[in-house]
Amino acid sequence: LPEFFSSSAKDMKHRLGFLLQKSDSCDYSSSQSKKEKTSSSQRLSQEEVRKWADSLENLIHHDRGLAAFRAFLKSEYSEENIEFWVSCEEYKKTKSPSKLSPKARKIYDEFISVQATKEVNLDSCTREKTSHNMLEPTLSCFDEAQRKIFTLMEKDSYRRFLKSPYYLDLVSPPGAGCGPENCKRNHTHTLDCNSNIISQCA
């Protein structure tokens with residue numbers, strides 16, 4: 001009789017272990033499947049990346065392009081420009097009139113005022129006009145300042161971005177060939193930059 005209970009307990013333990021193992025296997029395969037679907041849906045085509053070189057507008061209106069450009073500007077310690085542009089875009093989507101004034105004030109204090117923590121480079125005329133707009137904020141009160149910063153990025157940092165690893169490593173990934181440009185770049189640095197950009201885009 002004791003032997004019967006002992007073998008029965010062993011049998012139950014064995015079956016339970018098998019079921020748990022099977023369950024873990026199913027969870028793992030399900031998790032892998034989800035990861036594969038996510039990575040395929042997030043895959044960036046070379047055609048999309050090449051379009052970023054057509055215009056700054058194409059670049060920053062693409063989620064991953066914006067993330068890559070932001071990472072580049074951060075490396076140059078000038079991310080306040082793209083942050084201001086993004087803040088202006090979000091501000092223009094404000095639907096409640098009662099929220100316009102506090103949102104406008106926050107953007108002004110952060111990017112335009114004399115004591116702004118992330119002050120953007122604006123000429124005195126544009127700065128003065130934007131300050132005047134703060135008296136009665138509208139959805140278009142930052143339009144001129146936003147245009148000036150866009151033009152500044154377009155003529156300056158955008159051109160450098162297109163020549164940097166932040167862009168070149170996405171349009172010509174390592175292993176795609178070793179042309180003169182690719183060979184000049186440090187391969188280790190290339191992989192690190194590419195990895196950082198993708199993680200921010202995801």
Asks: Are any of the side-chain heavy atoms of Ser157 and Phe69 separated by less than 4.5 Å?
Replies: yes
Asks: Considering only heavy atoms from C-beta outward, does the side chain of Trp52 approach that of Leu170 to under 4.5 Å?
Replies: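 Yes, close enough: below the 4.5 Å cut-off.
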Asks: CG of Leu56 to NZ of Lys155: how many Å apart, nearest 0.5 Å?
Replies: 12.5 Å
Asks: For residues 117-128, which residue pairs qualify under salt bridge (Lys or Arg N to Asp or Glu O under 4.0 Å), counting only residues two or more places apart or in two chains?
Replies: Glu83-Lys118, Glu110-Lys118, Glu119-Arg127, Asp123-Lys148
Asks: Between Ser87 and Phe111, which heavy-atom pair has the shortest distance, and what is it?
Replies: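 The pair with the smallest heavy-atom distance is OG-CE1, 3.7 Å.
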Asks: Can you name the nearest heavy-atom pair linking Val171 to Arg50, along with the distance?
Replies: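 It is CG2-CG, 3.7 Å.
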Asks: For Thr130 and Cys141, which heavy atoms make the closest approach, and how far apart are they?
Replies: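 Looks like CG2-O, 4.1 Å.
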Asks: Measure the shortest side-chain to side-chain distance between Ser131 and Tyr108 over non-hydrogen atoms and say whether it is less than 4.5 angstrom.
Replies: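 Ser131 vs Tyr108: side chains touch.
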Asks: Take a 6.0 Å sphere around CD of Glu57 and say whether it holds more than 12 heavy atoms from other residues, nucleotides or ligands.
Replies: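 Atom CD in Glu57 is not crowded, with 12 or fewer foreign heavy atoms closer than 6.0 Å.
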Asks: So, Asn58 side chain and Lys51 main chain: donor-acceptor pair closer than 3.5 Å or not?
Replies: yes
Asks: Could you label the plane-to-plane angle of the Phe161 and Tyr167 rings as parallel, tilted or perpendicular, counting under 30° as parallel and over 60° as perpendicular?
Replies: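 The arrangement is tilted - the two ring planes meet at 30° to 60°.
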Asks: To the nearest 0.5 Å, tell me how far Thr151 OG1 sits from Gln146 CD.
Replies: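 Result: 10.5 Å between the selected atoms.
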Asks: With a 3.5 Å cut-off and no angle check, do the side chains of Tyr158 and Ser55 form a donor-acceptor pair?
Replies: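 No donor-acceptor contact under 3.5 Å links the two side chains.
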Asks: Any ion pair linking Glu154 and Arg159 (charged N to carboxylate O, less than 4.0 Å)?
Replies: no
Asks: Ignoring hydrogens, what is the shortest heavy-atom contact between Asn81 and Asn121? Give both atom names and the distance.
Replies: OD1-N, 4.5 Å
Asks: For the residue pair Phe150 and Trp85, categorise the inter-ring angle as parallel (less than 30°), tilted (30 to 60°) or perpendicular (more than 60°).
Replies: tilted
Asks: Answer whether the closest heavy-atom distance between the side chains of Val86 and Leu66 falls below 4.5 Å.
Replies: yes
Asks: Determine, step by step, whether Ile82 and Ile60 satisfy the side-chain contact (heavy atoms from CB on, under 4.5 Å) criterion, reporting the C-alpha distance in whole Å, the side-chain angles of both residues, the deciding distance to 0.1 Å, and the verdict.
Replies: CA-CA 9 Å; Ile82 194 62; Ile60 59 182; 3.8 Å; yes
Asks: State the CG-CG distance between Leu168 and Leu162, to the nearest 0.5 angstrom.
Replies: 8.0 Å
Asks: State the NZ-NZ distance between Lys95 and Lys93, to the nearest 0.5 angstrom.
Replies: 10.5 Å
Asks: Sequence neighbours left out, what passes side chain to side chain contact (heavy atoms under 4.5 Å, CB included) with Glu48? Give chain and number order.
Replies: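 Expected list: Leu44, Ser45, His62.
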Asks: Within the structure provided, determine whether Phe142 and Ile112 are in side-chain contact (heavy-atom separation under 4.5 Å).
Replies: yes
Asks: Pairs of donor and acceptor atoms involving the side chains of residues 98-106, under 3.5 Å and at least two apart or interchain, shall be tabulated with distances.
Replies:
from: Ser98; atom 1: OG; to: Ser96; atom 2: OG; distance (Å): 2.9
from: Lys103; atom 1: NZ; to: Thr94; atom 2: OG1; distance (Å): 3.4

Asks: Would you say the side-chain atoms of Ser113 pair up with the backbone N or O of Ala116, donor to acceptor, closer than 3.5 Å?
Replies: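 Yes: the side chain of Ser113 pairs with the backbone of Ala116.
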Asks: May I have the step-by-step check of side-chain contact (heavy atoms from CB on, under 4.5 Å) for His132 and Leu135, ending in yes or no?
Replies: CA-CA 6 Å; His132 180 73; Leu135 298 174; 3.7 Å; yes
Asks: In Å and rounded to the nearest 0.5 Å, what is the CG to OG distance from Asp156 to Ser78?
Replies: 8.0 Å
Asks: May I ask you to decide whether Arg70 forms a salt bridge with Glu79, counting only side-chain N to carboxylate O separations under 4.0 Å?
Replies: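 Not counted as a salt bridge, because no side-chain N and carboxylate O are separated by less than 4.0 Å.
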Asks: Compare every heavy atom of Lys92 with every heavy atom of Leu139, then report the nearest pair and how far apart it is.
Replies: O-CG, 3.3 Å
